[in-house]
Amino acid sequence: AQSVAQPEDQVNVAEGNPLTVKCTYSVSGNPYLFWYVQYPNRGLQFLLKYITGDNLVKGSYGFEAEFNKSQTSFHLKKPSALVSDSALYFCAVRDTSKAGTALIFGKGTTLSVSS
Amino acid sequence: EAQVTQNPRYLITVTGKKLTVTCSQNMNHEYMSWYRQDPGLGLRQIYYSMNVEVTDKGDVPEGYKVSRKEKRNFPLILESPSPNQTSLYFCASSWGHKYNEQFFGPGTRLTVL
């Protein structure tokens, strides 16, 4: 069965420090991976995706993610965290058992950036 | 502005009283979907639609209905809401190719008493 795991419920980091939000996946076939961010009382916003090609994917707001096939991971990273990055982050994988663009989401990781 | 809209944003209702949550997108997307978000469970897909008059069940369809009579609209219907349907609901849309990301609406917080 396809699945996504976000092993940390919460990540705390000081402003200006690098941040990593972890994600591992389990799929059959090629993985199509996505990161979304949810700010309080808002919908999910797309950050970046990995479809194929370069293992380092760059996205919105200075975020990037590293795809590692051998470790089945897709960790979200940012070199220097901002207080405004504090939000709920979701990793997702394309659900290839369904037609279209269905996603399987992880449970989410709350990122807290302190000043 | 390209967007997905949902109405209402907040709704408190009672068990058994039929309700509809509307969803509309202005991006001419073929694919539309409904998710529910519950603490500790992430988002789970309820129903999806590949195009007009084409709908299919997601992972948690029990107690819900949908329709897709127009490309831009994808309403979620709860015929007889129950307290276990208290949740945060999101509508999403995308172009149909599997590589495409989904665009999400702002969410509807539903409480069933």
Side-chain angles (χ1 to χ4, degrees), chain A residues 1-10 21 23-25 27 29-53 57 59-60 63 65 74 87-110, chain B residues 1-7 9-10 21 23-25 27 29-52 54-61 68 74 88-109:
Chain A
Q2 300 171 105
S3 64
V4 174
Q6 294 181 243
E8 300 156 317
D9 291 335
Q10 178 144 349
V21 182
C23 172
T24 59
Y25 65 89
V27 300
N30 293 323
Y32 305 129
L33 297 156
F34 301 79
W35 275 102
Y36 285 84
V37 59
Q38 184 180 26
Y39 297 102
N41 300 313
R42 301 283 296 276
L44 278 71
Q45 296 178 34
F46 169 74
L47 281 178
L48 50 80
K49 65 182 176 183
Y50 172 82
I51 302 301
T52 188
V57 179
S60 306
F63 284 93
F74 188 54
L88 181 58
Y89 290 80
F90 288 100
C91 181
V93 66
R94 172 75 67 236
D95 184 353
T96 54
S97 71
K98 299 187 181 69
T101 61
L103 294 169
I104 297 172
F105 283 88
K107 296 181 180 181
T109 297
T110 298
Chain B
E1 179 189 356
Q3 59 183 349
V4 179
T5 57
Q6 295 178 229
N7 282 293
R9 294 289 313 279
Y10 302 91
V21 183
C23 172
S24 184
Q25 51 93 6
M27 295 169 278
H29 286 162
E30 300 96 353
Y31 184 93
M32 297 186 74
S33 178
W34 278 102
Y35 294 88
R36 60 177 289 173
Q37 182 183 12
D38 301 292
L41 295 177
L43 281 81
R44 295 175 292 167
Q45 190 181 50
I46 303 171
Y47 267 96
Y48 65 96
S49 170
M50 290 293 294
N51 214 321
V52 175
V54 181
T55 64
D56 206 347
K57 296 178 180 179
D59 297 315
V60 288
R68 187 94 181 271
F74 190 45
L88 180 57
Y89 291 87
F90 288 102
C91 181
S93 72
S94 71
W95 285 281
H97 194 279
K98 61 185 178 182
Y99 295 166
N100 292 313
E101 64 271 21
Q102 294 185 5
F103 294 80
F104 283 80
T108 295
R109 185 166 293 281

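We name chains A, B, ... by the order of the sequence lines, and we start the count at 1 in each one.
Heavy-atom pairs under 4.5 Å with chain A were tallied for B:R44, B:Q6, B:Q37; the largest tally goes to B:Q37. When each of A:I104, A:L88, A:D95, A:I51 is checked for heavy-atom pairs under 4.5 Å with chain B, A:I51 comes out on top.
With a 4.5 angstrom heavy-atom cutoff, B:Q45 touches chain A only via side-chain atoms. The part of B:Y10 that comes within reach of chain A is its side chain, from C-beta onward, which places non-hydrogen atoms under 4.5 angstrom from that chain. Only the side chain of A:R94 comes within contact range of chain B, with heavy atoms under 4.5 Å apart. Of the atoms belonging to A:L44, heavy atoms from both backbone and side chain fall under 4.5 Å from chain B. At a 4.5 Å heavy-atom cutoff, the contact between B:L41 and chain A is made by backbone atoms alone.
The environment of B:R109 atom CZ is sparse: at most 12 non-hydrogen atoms of other residues, nucleotides or ligands sit within 6.0 angstrom.
Checking side-chain atoms of B:Q102 against main-chain N and O of A:T101 turns up a donor-acceptor pair under 3.5 Å.
Here the CG-CZ distance, from A:N41 to B:R9, works out to 7.5 Å after rounding to the nearest 0.5 Å. To the nearest 0.5 angstrom, B:D59 atom CG is 11.5 Å from A:F105 atom CZ. The distance from the CG atom of B:D38 to the NZ atom of A:K107 is 12.0 Å, given to the nearest 0.5 Å.
In this structure, the ring of A:Y32 has its center less than 6.0 angstrom from the ring center of B:Y99.
A:L103 is listed as a side-chain neighbour of B:Y35, based on a closest heavy-atom distance under 4.5 Å.
Here the closest heavy-atom approach between residue A:Q38 and residue B:F90 is recorded as NE2-CZ, 3.2 Å.
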